[in-house]
Amino acid sequence: MYIIPVQVIGSKMAPLGLILVSSALLAGVWAAGPQTLRVTTIKEEPYAMSKGSELEGFCIDLLSAVSKKLDFKYDIHLVKDGRYGKTDDSGNWNGMIGELVRGEADIAVAPLTITAKRETAVDMSKPFMQTGLSFILIKDLASDDSQFLSLLNLFSTEMWMGVLVAYLLTSFCIFFVSRISPSEWEQPEKENNCFTLSHSFWYTMGAMTLQGAGPHPKALSGRVITAIWWLFSLVLLACYFANLSLWLHSDNQQLSIKSFEDLANQNLIEYGTIKDSSSFAFFKNSNNPTHHRIYEHIKTAQSYSLNAEEGFRKAQKGNYAFIGESVSLDLAVARYCNLTRAPEIIGMRGYSIAAPLGSPLLKNLSVAILSLSESGELDYFRSKWWASSCVAKNGKSAPLKPSSLKGIYLLLALGLGLGLFLALMELAAKSRKIANTQQTSCCSVMSAELSQRFRGGEVTSPECSEKSKA
């Protein structure tokens, strides 16, 4: 360590001399090798949590990664008074900010919000996380507005595509079977086929909507396909109406609250935030009329929460919306499955590492944070500690997917295959009979039959029209 003499000229130059001496000493100490920094933090999930005699969490992982990049050691301790930092009536800082100001810690690694007042007392690095203000409430009190096509949302896109493919395949199979089967179309050279392609589509649609659309198939092959399609339609409609019932029931019980404007305009549920927090100060100092109404309501109703955990508990009981920083609320939603966060986020701000004014560490800390962000490590820490343990249940029905009905799709496929197979067997039996009579090849007779059956017959006869009307 080097001692640099400083000549102080006049009393006005004394503060400058002291700053130069402090900077030189700090630089000398830093240059001497890895040093041990005193780090203060606060216990808050998931930033810093107890694990035996040690701490773990997002901020602990962040501190470890930064220390490796900047090559320093550290001793970490929890802030004595359990506060982030604000001034008291005499203007003195408490919490982690107070420890930095008094020289009891070298840096503070915690979810410290960057504010103008804190910047006057300490130096703050580039933010390692962006956040804003939002609110959480129980799911039964929050819902999306009904959309024009919300009835289509009861089935997923994949499910609707599966139904369309099943409908088209069944219609084509009924059309093919009605042409191939001799029991359905006995004399193609003299008769017209009642089951044209258009009627096959109409018949299949009628069966899906539980409405008859005659004439009905006469052949066993056509009846097999029709019976399987009826069963498929019944199961599909039962699932759709079950989802519809759940959707209507949940929608009728919910109050649509998606924004702070909605929150301020209703009086059915209470809302509040942590007293004397930066969130409370935001509403207090805001010039926005809606935000100021929220501040006045919280102040009048005294609907404060002592801490975030109390706010989460109140929200879970119902009839209470807890206002806080969005990242903390996202964690609550991931932990408590009956809560949901409003989509609106206001007052964007950042969390950063704090150091005493004039600290030579600040520049390197900011560079290390930016490096971690660019490499994706901060995103990894976020996904690690904000992982959700919730499984969707008991809420508004989720869109039904094809995998939920794969059994009925498999049954339909088997039914279509069986129907086509039976139609071919019926035609083969007739071809064999004709071949034995005419003493010709069965294959040539069957080929001629297929050619004749798919060559024409699209015009429906008056008899088919009468049956269809019936």
Side-chain angles (χ1 to χ4, degrees), residues 111 113-116 127 129-151 153 247-351 386 388 390 395-396:
T113 306
I114 302 174
T115 64
M129 184 180 294
Q130 294 291 339
T131 184
L133 295 182
S134 188
F135 59 91
I136 57 170
L137 64 170
I138 200 165
K139 285 182 177 178
D140 288 342
L141 295 175
S143 70
D144 294 333
D145 290 336
S146 297
Q147 299 176 0
F148 183 70
L149 297 177
S150 55
L151 291 177
N153 295 332
W247 176 75
L248 291 175
H249 178 72
S250 61
D251 197 55
N252 289 335
Q253 288 187 337
Q254 290 178 336
L255 172 69
S256 179
I257 301 177
K258 301 190 299 178
S259 66
F260 284 98
E261 183 76 27
D262 297 334
L263 196 63
N265 289 338
Q266 57 80 44
N267 55 8
L268 297 178
I269 66 171
E270 196 58 80
Y271 51 89
T273 187
I274 301 174
K275 189 176 182 179
D276 297 328
S277 63
S278 59
S279 302
F280 182 73
F282 172 84
F283 290 99
K284 180 180 178 180
N285 301 325
S286 176
N287 293 324
N288 186 302
T290 300
H291 300 167
H292 198 70
R293 283 165 54 200
I294 291 176
Y295 162 73
E296 291 292 343
H297 175 86
I298 295 174
K299 182 180 178 182
T300 303
Q302 293 290 304
S303 53
Y304 302 110
S305 296
L306 294 178
N307 50 48
E309 285 298 327
E310 182 182 355
F312 300 156
R313 286 195 299 270
K314 286 183 178 180
Q316 289 183 86
K317 292 178 181 178
N319 292 330
Y320 185 83
F322 176 65
I323 302 172
E325 294 181 340
S326 59
V327 289
S328 298
L329 302 184
D330 288 339
L331 177 69
V333 171
R335 297 291 186 270
Y336 309 112
C337 303
N338 60 335
L339 296 179
T340 184
R341 180 177 66 78
E344 184 182 24
I345 299 178
I346 60 174
M348 294 301 295
R349 71 277 300 275
Y351 291 156
W386 269 260
S388 176
C390 298
K396 186 176 287 188

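In this text the structure is predicted, and so the values were computed from the model without any measurement.
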Inset, instruction - Measure the spacing between CG of L137 and CD of Q316 and express it to the nearest 0.5 Å. - result: 12.0 Å
Legend entry - Separation between CD1 of I257 and CG of L268, rounded to the nearest 0.5 Å: 7.5 Å
Legend entry - Backbone of M348 reached by a side-chain donor or acceptor of Q130 within 3.5 Å: no
Legend entry - No-hydrogen, no-angle side-chain donor-acceptor test under 3.5 Å, Q266 and D262: no
Inset, instruction - Compare every heavy atom of R341 with every heavy atom of D330, then report the nearest pair and how far apart it is. - result: OD1-NE, 2.6 Å
Legend entry - Min side-chain heavy-atom separation F322-E270 under 4.5 Å: no
Legend entry - From CG (N288) to CD (E261), nearest 0.5 Å: 8.0 Å
Legend entry - CD1 on I345 to CZ on F135, rounded to 0.5 Å: 11.0 Å
Legend entry - N/O donor-acceptor pair under 3.5 Å between K139 side chain and C337 backbone: yes
Inset, instruction - Determine whether F283 and I346 make a side-chain contact, defined as any pair of heavy atoms from C-beta on separated by less than 4.5 Å. - result: yes
Legend entry - Taking every non-hydrogen atom, the tightest pair across V327 and W386: O-NE1, 2.8 Å
Inset, instruction - Ignoring hydrogens and angles, tell me if any N or O in the side chain of R349 forms a donor-acceptor pair with the backbone of T113 under 3.5 Å. - result: no
Inset, instruction - Drop me the distance from I136's CD1 to L331's CG, to the nearest 0.5 angstrom. - result: 9.5 Å
Inset, instruction - Measure from the side-chain N and O atoms of S326 to the backbone N and O of G132, and report whether any donor-acceptor pair falls under 3.5 Å. - result: yes
Legend entry - Under 3.5 Å donor-acceptor, S134 side chain and A342 backbone: yes
Inset, instruction - Answer yes or no: is there a side-chain heavy-atom contact under 4.5 Å between I323 and L263? - result: yes
Legend entry - Any side-chain heavy-atom pair of R293 and N265 under 4.5 Å: yes
Legend entry - Min side-chain heavy-atom separation F312-L329 under 4.5 Å: yes
Legend entry - Backbone N/O of Q302 and side chain of K275: donor-acceptor pair under 3.5 Å: no
Legend entry - Flag, side chain of S277 to backbone of F280, donor-acceptor distance under 3.5 Å: yes
Legend entry - Heavy-atom side-chain contact between H291 and F282 under 4.5 Å: yes
Legend entry - Least distance between heavy atoms, L306 atom then E310 atom: N-OE1, 2.8 Å
Legend entry - Exam field: side chain S303 to backbone Y271, donor-acceptor pair closer than 3.5 Å: yes
Legend entry - Shortest non-hydrogen contact between I138 and A315, atoms and distance: CB-O, 3.7 Å
Legend entry - Closest approach of S305 to Y320 (non-hydrogen atoms, all atoms of both residues): OG-OH, 3.1 Å
